[in-house]
Visitor: 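One structure follows; several queries about it will come next.
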Amino acid sequence: MSGMGRRFFLKIASATGAAAACSPSHAPEMLVPLLNPPENMVPGKPLFYRTVCRGCGAGCGVTARSREGRVVKLEGSPDDPIGGGALCARGQAELQSLYAPDRLRGPLVRHGTELVPVPWADALAQVGALLGKLRGADGFVHGLRMLSRCEPGSTGAVQKAFVSALTPAAKARVVFEPRDLVCLRAANTQLFGKAELPVLDLSRARAVVSFGADFLETWLSPVEQARTFMAARSGADRPRLTWVGPRLSMSGANADDWLRVRPGDELQVAIELLRWLVDPANRVAHLAPEAAAIRAALPPSRMPQGISPEQIAHLGGELSVRRPSALLGPAALASGGGGTALAAAVQLTNFVLGNLGKTVLLGLSSEEDAPSAEEEVRGLLEEARRGEVKALFLHRADPLGKLPASARAEEALRKVPLIVWFGERLDATARLAQFALADHHALESFGDLEPRKGILELQQPALSPLWDTRASSQVLLDLAATLALPGIVDKDFHELSKSRWQAAAKALGAELDSPHAQRNVQARGIVVGRALAAARPLRLEALPWFLGTRVSPGDGLQLVAFATTLASADPEAPGWLREVPDALTGVSWSSWAELSPITAQRLGVKAGNLLALRTEEGATELPAVINPALHEGAVAVPQEAPELRALGAMGRAVRVERTGKTFALPLTGHASQEGRDLARVVPRDEEPKHDHDHGHKHERGGTLVPPHEHPKHRWAMSIDLDKCTGCQACVVACYAENNLPVVGPQAARDGRLMAWLRIQRSFESISPAAPAETRIAVLPSLCQHCDAAPCEPVCPVYATYHTPEGLNAQVYNRCIGTRYCANNCPYDVRVFNWADPVFVEPLQMQLNPDVSVRSKGVMEKCTFCVQRIRYAEGVARGEGREVRDGEVTPACVQTCPAQALVFGDAKDPQARVVSQQQDGRAYRLLEEVNTLPAIAYLARRGGGEP
Amino acid sequence: MRRLAPLALFLGALGCQAAASPTTAEAPVKFSHKTHAGENQIGCGVCHPYARHSPNAGLAPASVCIGCHKFVSKEKPDVQKLAAEFTAGRPLTWTRLNRVPDHVFFSHERHLAIGVDCKACHGDVASMAMDQKVHELQMGFCMDCHREKQATIDCLACHK
Amino acid sequence: MSVPVAVAERMRSIDKSAEDTQQAPGLGWGALVALAVACIAIGAYSWSLIIRFGMQYTGLNRPVGWGVLITDFVFWVGIAHSGTLISAILFLFRARFRTAVYRAAEAMTVFGVMTAGLFPIIHLGRPWYAFWILPYPNQRHLQINFRSPLVWDAFAISTYFCVSAMFLLAGLMPDAAALRDGSQGLRRRFYALFAMGWRGTAEEWRHHGRAYLFFAAFATPLVISVHSVVSWDFAVSIVPGWHSTLFPPYFVAGAILSGVSMVITLLIPIRRAMKLEGLITMQHLDMLSRLVLLTSLIVTYSYSTEFLLALRGGASPERDTLLYRATGAFWPLFWLMVLGNCIGPLFLFLKRVRGSLLGLFAVCALVNVGMWLERFNIVVSSLEHNRIPFDWGAYHPRLAEIGITVGSFGWFFFWFLLFLKLLPSVSIAELKEEAAHDHHQEAAHAA
Amino acid sequence: MPREPGVLAVFADPSAAARAVRAAHAAGQRDVRAAMPAPFPEMMEAMAQPRSLIGAVTLCGAVLGMCLGLWLTIGTSVALPISVGGKPIVSLPAFLVIVFEVTVLVGGLSNFLGMLIGAYIGRRKRFMPADPRFLRDRIGVFLPGTSESARELLRAAGAEEVRDVA
């Protein structure tokens with residue numbers, strides 16, 4: 001990447017930025033050839049780089065598609081066993097954080113109250129000098145601390161070396177992961193003596209019980225879990241999913257049963273379930289020998305409110321026969337004794353049922369850089385408050401912004417004389433720092449990562465840095481050099497990380513002798529070795545410790561903090577995640593508080609009313625949203641909501657009052673499908689068997705004119721509603737691939753979101769009598785590419801028509817914007833450009849050069865990613881062969897973690913999509929209007945019987 | 001229908017299909033295709049390296065020019081200017097002569113692959129001392145050829 | 001020699017009253033024109049906003065792609081329907097009450113179409129490409145889609161405009177000639193323009209008579225076709241609440257209803273302001289009001305059929321949509337429409353109401369409101385509740401749309417006011433013919 | 001227009017004028033010309049003119065329009081065959097709407113032009129002295145060729161005034 005300087009990108013950016021698709025620019029264009037052409041970069045052709053996603057801890061492998069030196073799209077790396085080629089919504093959105101307009105463009109230093117730009121040399125010199133001053137005679141900086149996010153790789157290693165070289169104090173470096181599953185770690189420590197998280201293999205699970213763990217969307221390693229679980233689900237013996245908790249998350253929406261309990265009662269359910277299982281009277285076979293001991297330690301029985309012994313027995317019976325199973329929990333933000341106890345109960349049940357080592361694997365989570373316990377973080381702040389912390393290094397850690405207000409982080413941090421902060425975008429904490437040192441984005445930096453045992457991921461830059469940033473580890477190495485720190489020899493972080501990953505790779509049995517072999521590893525970006533789950537003995541002495549803890553939830557409303565797939569509520573999240581509405585509630589661009597219909601009625605609250613929430617920790621105001629899938633004892637707030645900090649952790653008692661004010665909530669999507677049976681469910685027993693006519697039934701539906709020919713291909717798709725989790729990864733992928741503009745909250749309120757593909761959620765069988773019966777159906781809705789498309793004949797200028805390959809084409813530059821097509825589309829999938837799109841510099845660098853940027857006044861819609869079809873066809877033509885099945889994948893299909901979407905050529909009898917469309921569950925949307933769509937939906941199956 | 005070409009052109013212009021672009025380009029240095037492609041028989045691919053395997057033809061990087069002009073006709077003032085700019089690390093800026101609107105996805109690769117001659121669209125550059133635009137690269141121009149050669153006239157072939 | 005003079009007397013008095021309408025305009029007229037121009041300015045500014053910043057200045061959204069602008073379009077096309085109907089069909093039926101009123105009605109038609117024709121352009125996302133909807137040879141080898149009802153519209157509306165305009169001009173020729181010879185200077189040249197060299201010779205009358213007959217013969221099916229085509233904009237689609245074979249007759253009746261009511265609402269003040277009571281008599285108005293009553297009954301029938309068809313036979317999107325139309329967000333508008341189009345006209349059964357200018361005016365004004373609302377309800381409520389409940393949405397007009405609507409009224413009345421002052425708003429020649437006829441009747445009686 | 005000599009009579013009453021015309025015809029004067037503010041039925045009757053040929057013109061126009069419409073719709077659809085909504089390239093039912101409109105349009109135009117041209121030729125070919133009154137309240141009857149009998153005849157019919165036109 002020698003020839004490519006920052007200017008080079010900006011140049012190309014400005015060229016692309018000028019892309020006003022539908023009206024050619026009249027000014028004569030200038031051509032600026034490169035001085036030296038960068039090798040292997042061909043303008044107009046994509047380059048692919050392998051690296052790793054740092055969006056969350058899961059560490060999915062990523063393929064970054066780059067055009068003219070700018071990354072335009074992220075996709076999962078097929079070689080990666082974790083992501084398995086898929087990527088979640090947040091992974092997709094990493095791209096927008098790379099091009100975030102408010103990213104730091106260079107280092108800043110405090111000047112009075114301001115943070116002002118400063119050259120790197122000066123910044124380093126000043127930090128060095130200040131550290132020098134703080135250094136005692138022993139060469140140590142007593143009271144130097146470091147707070148960093150989890151860095152299981154070279155970065156972490158450098159930080160540790162740096163800190164330990166500067167201070168003798170143990171635990172001087174604290175790993176700050178506010179979203180970490182602390183309870184699960186704590187429970188594992190108690191029961192099995194190791195602070196670790198399990199790795200799940202749900203493909204073998206025949207029953208899954210989740211105690212509020214949003215495992216298909218946000219919990220632990222969601223992409224992997226969605227894939228494995230849905231793989232199992234599509235099998236003959238469909239595993240049952242039971243959801244235990246006060247609120248259906250999107251994972252809960254996929255459950256077959258819902259044990260609807262008061263917040264906090266999950267623990268009680270877990271204990272009663274455990275009791276039932278270990279009770280000899282129920283004769284559960286093949287239990288762990290410790291069962292008797294556990295039974296002895298169990299507290300006296302107390303049925304949780306609203307749960308009958310029969311339900312427990314039913315669930316217990318199911319688990320006793322459906323082996324192996326997997327019990328998951330608790331939710332991410334469940335903290336305190338209750339959470340840990342629940343986690344322990346869950347793990348204990350897994351142990352008793354022998355799930356450990358089969359579906360719930362211990363001993364695989366990376367031992368490197370495990371997140372510190374909550375106490376350590378609070379301890380650090382306490383030290384600071386006492387003024388014992390002299391210098392604090394922060395690496396992508398924002399205690400001020402992420403910890404509850406009760407932690408009084410600000411007060412503590414203000415006491416610290418020297419704060420050096422590393423990160424990309426100024427956060428709350430950075431605003432208190434003396435030095436804010438701009439770090440590379442993950443896609444700009446080298447590094448290595450061991451997300452779990454047996455897997456080594458290489459972090460490799462997919463483009464050269466956009467701004468004047470530096471890798472934080474490099475900065476630390478430079479500082480070490482200036483301070484002549486003992487024991488730190490490396491000068492260059494790239495070299496260091498290289499030697500480290502090569503060593504690690506060798507350990508994993510990778511073959512690295514020749515440069516060629518090395519290049520192969522780098523090209524794959526990942527090394528997978530063998531790692532076996534460890535069998536862990538149960539520490540019986542731990543039983544009384546947690547079975548003793550009793551939590552009795554109060555009777556009033558309780559706070560439930562839940563994780564959302566997207567981040568509508570997070571003001572720091574990239575535009576895509578804020579704009580795409582939360583699948584369950586339909587809210588975008590705002591945080592909110594959910595009430596059950598019953599509670600809302602009791603308080604006389606309507607959606608959009610501003611509520612005053614008060615806990616013993618503090619108070620805040622949030623707009624109300626009515627959620628039929630919520631227990632009346634709960635008030636649910638998304639964990640990304642900044643307002644949550646004031647209220648404190650989960651399980652707090654909340655007082656809710658109306659403020660009388662209303663808030664214009666950007667809320668989209670009607671709650672019910674009004675009995676129109678769009679998202680269908682087939683009860684398991686009635687499930688029709690494979691019949692090969694069914695797929696074509698609709699084509700026999702009478703048409704006046706003979707169906708037209710598709711000479712070569714007829715592109716088609718199938719969507720399995722039994723697999724779709726509603727995670728919206730496809731939606732964000734579509735935004736990224738097709739240059740969809742982010743239009744903001746007002747447009748959302750006006751109903752003018754630009755999404756081509758939407759997850760249509762509907763609450764079913766809502767009755768105040770039986771709220772536990774509430775079910776959620778999701779229906780991915782995109783252009784159906786009909787054979788007899790109603791939108792086509794009404795266009796006066798042929799701007800939309802049926803291509804020979806069966807696509808419903810939209811020619812933007814021919815469209816004059818009558819909007820008749822949109823009116824006449826029975827599926828409402830056509831999107832109109834109400835205004836010219838705005839891509840704030842440098843976001844326009846993300847635009848896909850293969851897709852027109854649409855101007856105001858034209859209609860647009862899903863194209864089945866025709867540009868990707870053309871690309872695949874081009875590749876095939878180049879190799880002188882036909883396009884293979886599965887070679888063409890629209891962005892949505894490519895990124896679907898659950899692999900619910902299948903795309904292919906309906907004229908190829910071997911194609912997967914054909915067999916899918918002929919499945920017994922296949923049906924077309926709105927068959928009565930006889931539009932002969934190219935998309936077949938596979939009805940969701942009712943739960944299997946135990 | 002085509003007999004009404006003047007009217008068509010007028011309305012075409014109204015429809016702003018004709019981007020008002022220059023018909024001859026003033027170059028930063030006096031570059032002559034006549035000398036290079038004509039007299040010295042340098043193939044197009046030498047200076048337009050990507051044409052055969054990419055949608056974009058690409059334009060000679062200064063390094064390529066220098067590659068020859070290190071030795072060839074160093075005395076010419078324009079060559080010296082070029083060398084100066086190159087050593088100063090300043091790229092030359094050329095005026096674009098042939099362009100299609102941003103909503104047109106033309107691929108040099110595809111057209112060269114089926115043996116379309118560069119002349120067909122760019123005219124006989126080998127005989128041009130001063131570059132000039134030979135064809136208004138408008139949709140009609142493409143359509144004529146596509147119809148003639150029975151190539152696809154599916155809109156999505158060029159518009160995405 | 002008393003008898004012949006009397007005939008001449010009558011003719012002269014007709015000329016006289018016609019010329020009186022052409023006297024220098026008063027202050028009131030000037031004020032009205034100024035008001036109209038102001039409205040046009042408002043409309044123009046509103047449109048400029050939409051052109052510059054896109055449709056975001058309207059209240060439209062997903063799923064409601066059409067709103068007030070299309071409502072206005074259909075409304076004005078409807079207004080444009082009375083003229084040719086009164087003129088052509090009544091001419092074929094030899095209905096004598098037509099004579100006094102048809103000129104004003106025809107003018108209304110022409111200006112109505114001129115107004116309606118603007119809206120399909122205004123509501124485009126990219127109005128500067130509106131001409132793409134016309135078939136013209138272009139270097140891009142592109143054609144237009146003759147299957148699209150919008151293309152049918154373009155053809156129907158422009159045809160209707162041309163034919164109505166020619167019909168109006170044909171009728172104007174003799175009258176303009178008559179006024180031409182009575183005036184001097186600029187005015188004379190202006191009339192000469194419309195007279196097209198008319199001299200009143202038997203030769204000319206010979207051709208004129210035939211031509212006029214054929215115009216009537218053409219215009220009659222045209223009137224029916226134009227609003228049928230407009231109705232197909234909706235009926236050809238598959239939107240619940242639009243997709244109905246009932247629409248063409250339903251819309252034509254509605255158009256005539258709105259058109260005739262508009263004629264009455266305009267004639268009542270005009271005959272007062274221009275002292276035409278002698279020519280446009282109560283009997284004329286009475287006839288027109290019967291027409292209103294008739295068409296209103298047809299419209300009422302259509303409404304009920306529409307609902308009955310949707311309501312019988314179980315749950316269906318159509319049913320939901322129509323129920324929503326009657327009970328949903330816009331229920332007051334729906335019932336106001338029923339009041340205006342169905343209940344109000346029933347009062348015309350009473351001779352007292354038909355006889356009183358005030359009553360007549362009130363009923364017809366209410367019909368005008370009702371007919372606008374009818375189109376609004378059809379366009380908006382159907383789109384708000386389309387087939388996918390997830391997308392059920394709401395539409396609220398924004399200032400720009402209202403501004404453009406106001407502008408359209410300004411535009412219409414601007415031309416109409418000019419017409420009143422510059423051209424005879426009654427058919428002089430035909431009135432003379434009648435005068436002679438009446439006179440001989442009376443003479444016969446006398447004898 | 002070529003002035004012709006003749007006798008011009010001015011009538012105030014259509015029936016009187018009609019009487020004059022009939023009398024002239026009876027007297028073997030086939031070529032009678034008249035001008036009047038409105039087409040008074042008895043007058044037009046008395047004139048007994050041949051029926052206008054406009055009908056034929058208009059019919060031709062209409063037929064031409066129909067062909068034009070068919071050519072336009074079918075021709076363009078075949079020239080750029082684009083498949084929309086699974087409908088055939090030549091979807092006649094839809095095209096008929098256009099065909100009808102174009103038929104009426106061209107028919108109407110030819111009708112209008114036919115009338116103008118007819119009237120123009122009428123004025124050109126058959127001289128009739130101009131007089132503003134003939135457009136307002138008087139009927140003029142003109143007999144080409146001056147003869148005493150003609151004057152007599154007109155006076156007898158009840159003309160207000162009779163004068164020779166040289």
Side-chain angles (χ1 to χ4, degrees), chain C residues 3-5 7-9 11-12 15 135 141-147 151-152 155-156 158-159 162-163 166-167 169-170 174 177-178 180-182 196-212 214-215 218-219 221-222 225 229 232 428-433 436-437 440, chain D residues 11-16 33-41 43-44 47 49 51-52 54-55 58 72-73 76-77 79-80 82 84-85 87 91 94-95 97-98 100-102 104-105 107-109 111-112 114-116 118-123 125-126 128 130 132 134-138 158 160:
Chain C
V3 172
V5 179
V7 181
E9 280 302 332
M11 295 192 188
R12 214 174 296 116
D15 281 331
H141 300 214
L142 291 179
Q143 309 295 355
I144 61 172
N145 176 9
F146 287 103
R147 300 168 195 79
V151 172
W152 303 348
F155 276 73
S158 44
T159 304
C162 297
V163 172
M166 289 187 293
F167 202 26
L169 290 176
R180 170 192 63 198
D181 296 343
M196 297 183 235
W198 185 266
R199 300 270 309 286
T201 64
E203 274 291 322
E204 292 167 298
W205 283 117
R206 177 167 76 103
H207 298 298
H208 186 271
R210 290 296 287 175
Y212 206 76
F214 290 128
F215 264 127
F218 271 132
L222 192 59
S225 82
V229 167
W232 284 330
I428 301 173
E430 292 198 20
L431 281 168
K432 284 175 180 169
E433 192 180 339
H437 181 83
H440 285 279
Chain D
F11 293 84
D13 181 355
S15 41
R33 309 177 190 177
M36 59 205 105
F40 304 109
M43 193 55 197
M44 297 308 282
M47 293 292 291
Q49 295 166 307
R51 173 182 269 207
S52 156
I54 293 233
T58 310
L72 193 63
T73 49
T76 54
S77 309
L80 187 72
I82 287 183
V84 291
K87 308 224 180 320
S91 326
F95 295 170
V97 179
I98 304 292
F100 170 79
E101 299 295 342
V102 180
V104 173
L105 181 59
L109 283 169
N111 185 32
F112 191 63
M115 176 190 73
L116 290 184
Y120 178 74
I121 294 173
R123 285 197 297 270
K125 282 220 324 286
R126 316 193 60 211
M128 168 80 204
F134 300 157
L135 291 167
R136 321 196 100 233
D137 55 359
R138 291 288 187 275
E160 281 183 338

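Just so we're on the same page: letters track the sequence lines, and every chain starts at 1. The model shown is predicted, which means the values in this text are computed figures rather than measured ones.
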Visitor: Hey, does the side chain of D:N111 reach the backbone of C:A211 with a donor-acceptor pair shorter than 3.5 angstrom?
Guide: yes

Visitor: For residues C:R147 and D:S91, is any side-chain donor paired with an opposing acceptor at under 3.5 Å?
Guide: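 There is such a pair between these side chains.
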
Visitor: Tell me if a side-chain donor or acceptor on C:K432 pairs with a main-chain N or O of D:L135 at a distance below 3.5 Å.
Guide: yes

Visitor: Check whether any side-chain heavy atom of C:P221 lies under 4.5 Å from a side-chain heavy atom of D:V104, and answer yes or no.
Guide: no

Visitor: Counting heavy-atom pairs closer than 4.5 Å to chain C, which one of D:I98, D:I82, D:V102 comes out on top?
Guide: D:I98

Visitor: Taking side chain as everything from C-beta outward and backbone as N, CA, C, O, which of these in C:I428 sits under 4.5 Å from a heavy atom of chain D? Side chain, backbone, both or neither.
Guide: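 Neither part, no heavy atoms under 4.5 Å.
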
Visitor: Which one wins on heavy-atom pair count under 4.5 Å against chain C: D:G107, D:P41, D:A35, D:G122?
Guide: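 Top count of heavy-atom pairs under 4.5 Å with chain C: D:A35.
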
Visitor: Of the backbone (N, CA, C, O) and the side chain (C-beta and beyond), which part of D:R136 lies under 4.5 Å from a heavy atom of chain C, both, or neither?
Guide: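 Contact with chain C involves both backbone and side-chain atoms of D:R136.
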
Visitor: CD/C:E204 to CZ/D:R126 distance, rounded to the nearest 0.5 angstrom?
Guide: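 C:E204 atom CD to D:R126 atom CZ measures 12.0 Å (nearest 0.5 Å).
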
Visitor: Would you mind reporting whether C:I144 and D:T76 have side-chain heavy atoms less than 4.5 Å apart?
Guide: no

Visitor: Is the shortest heavy-atom distance from the side chain of D:L105 to the side chain of C:F218 under 4.5 Å?
Guide: no

Visitor: Once you round to the nearest 0.5 Å, how far does CZ of C:R210 lie from OG1 of D:T58?
Guide: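 Taking CZ in C:R210 and OG1 in D:T58, the distance rounds to 9.0 Å.
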
Visitor: Under a plain distance cut-off of 3.5 Å, with no hydrogens placed, do D:S77 and C:Q143 share a side-chain donor-acceptor pair?
Guide: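 Not at all, the side chains of C:Q143 and D:S77 share no donor-acceptor pair under 3.5 Å.
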
Visitor: Report yes if the side chains of D:L116 and C:M196 come closer than 4.5 Å at any heavy-atom pair, otherwise no.
Guide: yes

Visitor: When heavy-atom pairs shorter than 4.5 Å are enumerated against chain D, which of C:A429, C:A219, C:G200 gives the highest number?
Guide: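 Most heavy-atom pairs under 4.5 Å with chain D: C:G200.
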
Visitor: Among the options C:F167, C:Y212, C:F215, pick out the one with the most heavy-atom pairs lying under 4.5 Å from chain D.
Guide: C:F215

Visitor: Is any side-chain heavy atom of D:R33 closer than 4.5 Å to one of C:T201?
Guide: no

Visitor: Please examine the side chains of D:V97 and C:F146, heavy atoms only from C-beta on, and report whether any two atoms are closer than 4.5 Å.
Guide: no

Visitor: Where is the tightest heavy-atom contact between D:M44 and C:A202, given as atom of each residue plus distance?
Guide: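 Result for this residue pair: CE-O, 4.2 Å.
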
Visitor: Less than 4.5 Å apart, side chain to side chain, heavy atoms only: is that true for C:H440 and D:D13?
Guide: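 A side-chain contact under 4.5 Å exists here.
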
Visitor: Chain D heavy atoms under 4.5 Å from C:W198: which part of the residue, side chain, backbone, both or neither?
Guide: both

Visitor: Has the side chain of C:R199 got a donor or acceptor atom that lies under 3.5 Å from a matching backbone atom of D:A119?
Guide: no

Visitor: Can you tell me which portion of D:F11 sits under 4.5 Å from chain C's heavy atoms? Options are side chain, backbone, both or neither.
Guide: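 When you check distances to chain C, no heavy atom of D:F11 falls under 4.5 Å.
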
Visitor: For D:A16, is it the side chain, the backbone, both, or neither that has a heavy atom closer than 4.5 Å to a heavy atom of chain C?
Guide: neither

Visitor: Give me the atom names and distance for the closest heavy-atom approach of C:W205 to D:P39.
Guide: CZ3-CD, 3.5 Å

Visitor: Salt bridge or not for D:R123 and C:E203, using N-O below 4.0 Å?
Guide: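 Salt bridge: no.
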
Visitor: What heavy-atom pair brings C:M166 and D:G108 nearest, and what distance separates the two atoms?
Guide: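 In terms of heavy atoms, the two residues are closest at CE-C, 3.5 Å.
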
Visitor: Quick check on the interface: out of C:E433, C:E430, C:R180, who has the most heavy-atom pairs with chain D under 4.5 Å?
Guide: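 It is C:E433.
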
